[in-house]
Structures are given as structure tokens and as C-alpha cells.
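Side chains are part of it too, since the values below use all heavy atoms of this structure and drop only hydrogens, waters and symmetry mates. It should be emphasised that the depicted structure is a prediction, and the values quoted were computed from it without experimental measurement.
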Amino acid sequence: KSHAFAAKPKIELSSGISAYGKIGLHRWDSGFEVSSTNTTASLTETGTDVFYGAGIEISLQQIQGRVGFSKYDIDGEDVDTINLGLSLQF
């Protein structure tokens, strides 16, 4: 699991269309356990690393759509994600 906190500045490209960037910190926990009939082994790791990303937001009246990517570093391994979002403002 991962918990994050980020700054997300954006700039309006045209009416209703914005580009954004984000940078922040995420704290992650990872673990696994393997068992057999007479042996059990487990490993748990935690860490705090930087993540960043960018994307595009489109606003139409009260609905806002968003598509972007984020890149995480988890204990030296890169993890890339694609983000899709839809929000309703009222």
C-alpha cells in the first residue's frame, strides 16, 4: 500500500483545457509470506520516496475529466501508472 502527498500546479492551455504537473512524497509498505508444510518465510519492507507526474484536465460546465501518468520509485524500482479521473463540481 502507498500513501502520498503532492503539489499539483496547473496552467490553462485554452478555455477549459489545462496541463498539470505534480511532485510529492509517498510512503509505501510491501510484504509477502510463503508457507509450506514445515517452513514459513516472510518479508516486509517500508520506505518513503519521491514521485512525479503530469497530465491534462478538461472542464465542461460542472464535469471535469483528467488523464495523466505518475512515476513512483519504490525501493529503487520504477513503477509507472496511468491515471484517469472524472469529477462533478456542484
Given side chain to side chain contact (heavy atoms under 4.5 Å, CB included), test E33 with T40 step by step and report yes or no. CA-CA 7 Å; E33 184 175 308; T40 300; 3.8 Å; yes
Between D49 and H26, is the side chain to side chain contact (heavy atoms under 4.5 Å, CB included) condition met? List the steps. CA-CA 6 Å; D49 293 297; H26 72 101; 3.8 Å; yes
Trace of the side chain to side chain contact (heavy atoms under 4.5 Å, CB included) decision for L13 with I56: CA-CA 10 Å; L13 302 175; I56 299 289; 4.2 Å; yes
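Around CD1 of I82, the count of heavy atoms belonging to other residues, nucleotides or ligands within 6.0 Å does not exceed 12. Residue L88 places its CG atom among more than 12 non-hydrogen atoms of other residues, nucleotides or ligands, all under 6.0 Å distant. For E77, the CD atom counts as loosely surrounded, since its 6.0 Å shell holds 12 or fewer non-hydrogen atoms of other residues, nucleotides or ligands.
Within the model, atoms OG of S70 and OH of Y52 stand 10.0 Å from one another, a figure rounded to the nearest 0.5 Å. Rounded to the nearest 0.5 Å, atoms CG (L25) and NE2 (H3) are 14.0 Å apart. Note: S15 OG to I58 CD1 = 11.5 Å, rounded to the nearest 0.5 Å.
Ring geometry for Y72 versus F51: interplanar angle under 30°, hence parallel rather than tilted (30 to 60°).
Considering all non-hydrogen atoms of both residues, L86 and G65 come closest at CD1-CA, 4.2 Å.
There is no side-chain donor-acceptor pair under 3.5 Å between D29 and T44.
The shortest side-chain heavy-atom distance between N83 and V67 does not fall under the 4.5 Å cut-off. The shortest distance between side-chain heavy atoms of W28 and I74 falls below 4.5 Å. Side-chain contact between V34 and L43 is absent, with no heavy-atom pair separated by less than 4.5 Å. Side-chain contact between K10 and K22: absent, with no pair of heavy atoms (C-beta onward) separated by less than 4.5 Å.
Checked options Q89, R66, Q64, E12; the residue passing with S59 is Q64 (criterion: side chain to side chain contact (heavy atoms under 4.5 Å, CB included)).
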